[in-house]
> 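The structure is given below, and queries will be raised subsequently.
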Amino acid sequence: MTSTSLPDSLIATLPGAAYTDPGIFAQEQEQEHIFEAMWFCAVRSSELAKPGAFRTVEVGRESILITRARDQSVRAYFNVCRHRGARLCTEESGEVKRAFQCPYHAWTYDLTGKLVAAPNLTKMPDVGRTEYGLASVAVREWLGYVWVCLAENPPSFEESVIADVVARLGDVESLDRYDIGGLEVGRRIVYDVKANWKLIVENFLECYHCATIHPELTEVLPEFADGYAAQYYVGHGAEFGEDVRGFTVDGSEGLDRIPGVSDEQDRRYYAITVRPQVFVNLVPDHVIFHRMYPVAVGRTVVECDWLYLPDVVASGKDVSRSVELFDRVNRQDFDACERTQPGMGSRLYAKGGVLVPSEHHIGEFHDWVQARLGAQPR
Ligand code: FES
Ligand code: FE
């Protein structure tokens, strides 16, 4: 079936192979395409609290080592030894005192990536300490997260990441008012989802499913029952129901409003997608920040942070009812994605499925993916 043979109400999706073919997944990961070409939100800055604290993260096909140097700046390197290529750090997180030492032949790099020691290095004075230091990756801190870009010439952060926020909210000031960088992680839940990363993006983009699978969310945000996503109109925030006191699982009282949040933003929910792997949800008293890590064609890890004002976290206030609301939403969404993934491999879906008009922006996402992979947009 091609899009031209569809009834006017429907739009064609990508073919099933886009969600199941390891070759397409590899292309998406590669340089020039998506994950190695764009800014990737890797870790929360507070996880690198002091110099020498590190995290390793898979970005595209590469392992990236992210750390904080003595001057407090965040640095990111390919996690590959310059001698014979051993992986420098195998742990997901940890801390070194002043240097990373390769466990194979002990080449040693300081926190700025410089080669500072190696057996017999003094006998090889022609070996450049920087030239044979760790290869660095572009880094930017924003919203309290470390973003990395593996491209040799990274795209402008303003024209990619920030442009996605502006496209959704109308301006970046609306986001700044939540002071996301100044909030603290009150709760983190990591979901291991057996679905292709694009199914998770597509699900987040639409609300056609809200009435069917999100009873608690539609109770708090009644307009979601109509199936029009909060992302449908620029600058639109979904309003809390009249009797709803807070963004909690039972609509009970939330916490104090984040001080910068305006009256217009109060009692509203905003959702933003920053391509390719970040979803942000804004409510008056907290922010829910999702980062996706595509692991394989049919598997994606989603790290979700619930961010609150520092005094909320320090005082140990009960945040469980707000965490429970979006944790349930996440599980409902990811169950739906996992239910869809096997269908992508069905011969019935070989040429894809269809989108209804309220999902038309998923069609735009598909065109964007196709364009990034070098195919002609449909
Ligand atoms: Fe790292 Fe040899 S591979 S020191
Ligand atoms: Fe949903």
Side-chain angles (χ1 to χ4, degrees), residues 56 63 65 77-91 96 99-110 113-124 127-129 131-135 168 189 191 193 195-232 237-238 247 249 269-273 278-283 288-290 292 300 302 304 324-341 355-356 358-359 361-362 365:
T56 54
S63 172
L65 168 62
Y77 307 106
F78 287 89
N79 188 11
V80 178
C81 180
R82 296 302 306 279
H83 174 220
R84 298 229 326 270
R87 183 160 288 199
L88 213 51
C89 294
T90 49
E91 306 86 358
V96 295
F100 294 99
Q101 185 175 68
C102 179
Y104 197 176
H105 316 87
W107 279 36
T108 305
Y109 308 90
D110 74 10
K114 198 170 138 194
L115 178 64
V116 288
N120 308 325
L121 186 62
T122 47
K123 298 197 184 101
M124 302 176 274
V127 175
R129 305 298 179 96
E131 198 187 343
Y132 286 89
L134 294 175
R168 170 65 199 97
I189 300 180
Y191 305 88
V193 188
N196 182 263
W197 68 276
K198 296 190 293 299
L199 289 180
I200 298 174
V201 175
E202 292 163 16
N203 172 80
F204 194 74
L205 287 172
E206 53 99 354
C207 200
Y208 193 43
H209 66 266
C210 290
T212 330
I213 70 171
H214 296 318
E216 302 86 355
L217 186 65
T218 38
E219 199 63 44
V220 174
L221 306 172
E223 69 188 75
F224 274 14
D226 299 335
Y228 288 93
Q231 308 209 39
Y232 199 74
F247 196 75
V249 69
Y269 161 95
Y270 297 85
I272 307 160
T273 305
V278 175
F279 314 132
V280 190
N281 304 279
L282 309 170
V283 290
I288 306 150
F289 203 106
H290 296 75
M292 290 195 311
T300 309
V302 183
C304 183
E324 188 168 348
L325 174 55
F326 226 85
D327 179 38
R328 283 198 201 183
V329 170
N330 282 338
R331 289 176 201 280
Q332 291 155 349
D333 281 331
F334 300 151
D335 275 357
C337 295
E338 290 189 343
R339 178 178 282 252
T340 306
Q341 180 66 29
L355 304 168
V356 299
S358 68
E359 299 171 305
H361 44 303
I362 294 180
F365 169 67

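Numbering of ligands and ligand atoms starts at 1, following listing order. Small disclaimer: the values here were computed from a predicted structure and weren't measured.
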> Measuring to the Fe ion (ligand 2), does His209 have an N/O/S atom at a distance below 2.8 Å?
yes
> Restricting to N/O/S, name the atom of Asp333 that gets closest to the Fe ion (ligand 2).
OD1
> With rounding to the nearest 0.5 angstrom, report the NE2 to CZ distance, His209 to Phe224.
9.0 Å
> Taking atom CD of Glu219 as the centre, report whether more than 12 heavy atoms of other residues, nucleotides or ligands fall under 6.0 Å from it.
no
> Among residues at least two apart in sequence or on other chains, which ones pass side-chain contact (heavy atoms from CB on, under 4.5 Å) with Ala99?
Thr108
> Do the side-chain N and O atoms of Tyr269 and Asn281 include a donor-acceptor pair separated by under 3.5 angstrom?
yes
> Under 2.8 Å from the Fe ion (ligand 2) - does any N, O or S atom of His214 fall there?
yes
> Output the set of protein residues with a heavy-atom contact under 4.0 Å to ligand 1, ordered first by chain identifier and then by residue number.
Cys81, His83, Arg84, Gly85, Ala86, Cys102, Tyr104, His105, Ala106, Trp107
> Could you list the residues that satisfy side-chain contact (heavy atoms from CB on, under 4.5 Å) with Arg331, not counting sequence neighbours?
Ile189, Tyr191, Asp327
> Rounded at 0.5 Å granularity, tell me how far NZ in Lys114 sits from CG in Leu134.
12.5 Å
> If the condition is side-chain contact (heavy atoms from CB on, under 4.5 Å), which residues does Ala336 pass it with, not counting sequence neighbours?
Ile213
